[in-house]
Amino acid sequence: MPRLPRSLLKGALIVLTAAWELYAIQGASEAGVGFAEVALGVPAAVLLAVVWTIVWTAPGSPGIRPRRVLLGLSFPVLAAALVLIYLSSQSPLNPLFRLRFAASQAALTRVAQELEGGAPGLEPRRVGLFQARYLTVMSPDEVRLLTADCGVVDQCGLAYRPRARPTGSRYAHVQGPWYLIYEPF
């Protein structure tokens with residue numbers, strides 16, 4: 001069986017690494033991080049780090065260079081961030097979430113106001129950079145857009161509350177009338 005050229009294998013490894021990093025960043029910037037993201041993301045990071053270490057230390061390898069060190073450090077940093085966000089109950093202080101929310105705030109507000117005004121169609125849809133799985137008008141004071149799994153079976157998302165500040169530990173203020181919401185199963 002013919003062997004694949006070493007450069008082709010390295011290229012495939014680079015593509016897999018970039019895909020993992022995009023997966024980790026997308027998961028860590030969500031309103032919540034589910035068990036599946038951690039259960040798949042962290043072992044994949046460890047596996048990629050091991051493979052890169054083998055590639056860097058293989059006979060004939062040019063050795064470790066500064067940009068390779070940065071690539072190697074990205075695995076534990078992103079994996080640790082994923083675990084930290086998972087364990088910290090999806091904090092609104094998460095900088096990746098804050099960036100995603102800021103880029104989506106106008107679209108989120110528009111959809112929430114349409115739903116609040118009685119617009120039909122509560123089916124799942126993309127709202128800004130979030131995929132709203134469940135859109136629910138809870139009362140005249142609250143519209144919920146559940147966007148992610150939290151933990152094993154719970155849901156997280158955003159609650160639009162322009163008239164009343166919510167009480168309870170399920171809500172964490174994000175900005176203006178927006179709150180992160182943790183919806184237990």
Side-chain angles (χ1 to χ4, degrees), residues 1-105 107-108 124-134 145-158 172 174 180-185:
M1 182 166 149
R3 292 183 60 178
L4 292 173
R6 192 174 183 136
S7 61
L8 185 60
L9 292 173
K10 282 186 182 178
L13 187 55
I14 289 169
V15 168
L16 285 172
T17 301
W20 177 85
E21 289 184 347
L22 289 173
Y23 172 81
I25 289 168
Q26 189 276 333
S29 67
E30 214 13 291
V33 178
F35 177 77
E37 283 86 8
V38 174
L40 294 174
V42 173
V46 171
L47 180 63
L48 282 168
V50 167
V51 172
W52 274 110
T53 301
I54 291 168
V55 167
W56 290 337
T57 58
S61 173
I64 296 177
R65 295 183 182 149
R67 71 177 189 198
R68 288 184 176 179
V69 170
L70 288 176
L71 178 65
L73 288 175
S74 68
F75 298 116
V77 168
L78 284 173
L82 204 61
V83 170
L84 183 66
I85 292 165
Y86 180 75
L87 296 176
S88 68
S89 299
Q90 302 22 287
S91 169
L93 301 176
N94 172 354
L96 295 174
F97 166 76
R98 299 292 287 190
L99 285 170
R100 192 171 178 180
F101 174 80
S104 304
Q105 188 173 4
L108 289 164
R125 66 173 101 165
R126 179 149 299 280
V127 182
L129 298 176
F130 293 95
Q131 178 64 37
R133 299 174 184 178
Y134 303 100
L145 294 90
L146 298 178
T147 62
D149 294 330
C150 293
V152 180
V153 295
D154 301 327
Q155 295 284 313
C156 283
L158 295 157
V174 177
L180 271 179
I181 185 166
Y182 172 77
E183 184 67 38
F185 178 70

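Residue numbers run from 1 in the order of the sequence given.
- Between Tyr134 and Leu145 there is no side-chain heavy-atom pair separated by less than 4.5 Å.
- A donor-acceptor pair under 3.5 Å is absent between the side-chain atoms of Thr147 and the main chain of Gln131, judged by distance alone.
- A distance of 6.0 Å separates CG of Leu108 from CZ of Phe130, quoted to the nearest 0.5 Å.
- Shown here for Gly157 and Ala31, the closest heavy-atom pair between the two residues is CA-CB, 3.8 Å.
- With contacts defined as side-chain heavy-atom distances shorter than 4.5 Å, the pair Leu13/Leu48 qualifies.
- Of all heavy-atom pairs spanning Glu30 and Phe97, the tightest one is O-CD1, 3.7 Å.
- Checking side-chain atoms of Ser29 against main-chain N and O of Gln26 turns up a donor-acceptor pair under 3.5 Å.
- Taking the side chain as every heavy atom from C-beta outward, Phe101 and Leu129 never approach each other to under 4.5 Å.
- The heavy-atom pair separating Ala107 from Gly128 by the smallest distance is CB-N, 3.7 Å.
- Rounding to the nearest 0.5 Å gives a distance of 9.5 Å between CG of Leu16 and CG of Leu47.
- No side-chain heavy atom of Leu146 sits less than 4.5 Å from a side-chain heavy atom of Leu158.
- Judged by distance alone, with hydrogens and angles left aside, the side-chain atoms of Arg98 form a donor-acceptor pair with the main-chain N or O of Val174 at under 3.5 Å.
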